[in-house]
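Quick note on labels: first sequence line is chain A, next is B, and so on, each numbered from 1. This structure is a prediction, so every number in the text was calculated from the model and none was measured.
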There are 2 protein chains.
Amino acid sequence: MQEAIQEILKKNQLSVTGSRVKILELFLDQPGALAHGDIERKTGEKFDRVTVYRTLQVFLNKGIIHSIPTADNSVLYALCKDDCGEGHHHDNHVHFVCDKCGNTVCLDEVTVPAIRLPRGYKFSQVQVVINGKCKDCTRE
Amino acid sequence: MQEAIQEILKKNQLSVTGSRVKILELFLDQPGALAHGDIERKTGEKFDRVTVYRTLQVFLNKGIIHSIPTADNSVLYALCKDDCGEGHHHDNHVHFVCDKCGNTVCLDEVTVPAIRLPRGYKFSQVQVVINGKCKDCTRE
DNA sequence: TTTATTTTGCAACAAAGTTGCATCTGTGTA
DNA sequence: TACACAGATGCAACTTTGTTGCAAAATAAA
Ligand SMILES: [Mn+2]
Ligand SMILES: [Mn+2]
Ligand SMILES: [Zn+2]
Ligand SMILES: [Zn+2]
């Protein structure tokens, strides 16, 4: 785990610091997406709020995490796969928000469908966010 | 115009007040979506910030407007079609954000495609937000 | 170890959103 | 038309969220 984290940071030419390690740990420890608030809570008193903002910003720029738009317009972040890098994201998968348990996950195996746009429109990015009940919440 | 506004409010059992009329006017005056800030600016000094928040909240609940999630996680609102009502929204169309002019529009004629979810997942709502260049910005 | 470069925490601030309450206004009724 | 009442508004105070500048601390390289 610790080696994986070091590797991610090194690969992106980022120095290995307490906050970066801790925040990556949080992402790797669980399968879903995290809000800024979650991170602030889970890191406890350990880091300054500003540091968390700046760390997430750096991770975003480096293509280590991506942000997820949600229907209630809260900001969520999740780990990117290997093919994202500095300046170029390729997170063309669907995001799922469970209305029961509140978790949000990347459905990496579900790619966003092709959509026919009206004449004149050119797309650069398509975001799909699906609300519903996740697989843990439907069986019961 | 004014009659249309009155009708919308009456149909939803809302009293006809200055802020509600003015805000509906703003939505009807243009084809796109509006951010809270846009509305505050365009209503000038006329209404309190809190009133704008509360008016938008009421319109959301009544199904007069819907909110649009965006990639940069800002909050946008746009008029619903007739089939939305109190407690039930049916805005299953695609939203388009132009990266050039900044406008966001509802593509009412583009319905969201069916998406195969992994076993166990049940969807209730699918949001599609597309970034790119709008039809006004591609011709030039 | 020393040094140069980043990163961090702090303070101060700005923007966004919420809540309680007194006052005002729109609407239905007499 | 006048009245009463529910609901809408404005204001103040507050919370939450996000930003910026700068000095101190930590990291990575020499
Ligand atoms: Mn994702
Ligand atoms: Mn729409
Ligand atoms: Zn769930
Ligand atoms: Zn445009």
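With sequence neighbours excluded, no residue satisfies side chain to side chain donor-acceptor pair (under 3.5 Å) with Q57(B). For H89(A), the side chain to side chain donor-acceptor pair (under 3.5 Å) test picks out D91(A), with sequence neighbours left out.
In summary, the aromatic rings of H66(A) and H90(A) are positioned with their centroids too far apart to meet the 6.0 Å limit.
Rounded to 10 degrees, the angle separating the terminal axes of the helix from dT1(C)-dA30(D) to dA30(C)-dT1(D) is 30°, with each axis obtained from five end pairs.
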Test side chain to side chain contact (heavy atoms under 4.5 Å, CB included) applied to L56(B) and H36(B), step by step | CA-CA 8 Å; L56(B) 291 174; H36(B) 175 95; 3.8 Å; yes

Which letters describe nucleotides 8-21 of chain C, given B = protein heavy atom under 4.0 Å from base, S = only from sugar-phosphate, - = neither?
-> BBBB----SBBBB-

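Tested against F27(A) for a side-chain contact (heavy atoms from CB on, under 4.5 Å), the candidates I5(A), L79(A), I8(A), I64(A) yield a single pass: L79(A).
Within 4.0 Å of V16(B), counting heavy atoms only, lie sugar-phosphate atoms of the nucleic acid but no base atom.
Contact check for S67(B) versus L60(B): side-chain heavy atoms found under the 4.5 Å cut-off.
No side-chain N or O of T55(B) forms a donor-acceptor pair with one of T51(B) less than 3.5 Å apart.
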Could you tabulate the donor-acceptor pairs under 3.5 Å formed by side-chain atoms of residues 115-134 of chain B, not counting sequence neighbours?
residue	atom	partner	partner atom	Å
S124(B)	OG	D99(A)	OD2	3.3
S124(B)	OG	N131(A)	O	3.3
N131(B)	ND2	D99(B)	OD1	2.9

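Nucleotides of DNA chain D that come within less than 4.0 Å of any heavy atom of chain B span, from the 5' end to the 3' end, dA8(D) to dA12(D).
Taking both residues in full, the closest heavy atoms of C106(A) and A78(A) are given as SG-CB, 3.6 Å, listed atom of the first, atom of the second, then distance.
Between E25(B) and K22(B) there is a salt bridge, with a side-chain nitrogen of the basic residue lying less than 4.0 Å from a carboxylate oxygen of the acidic one.
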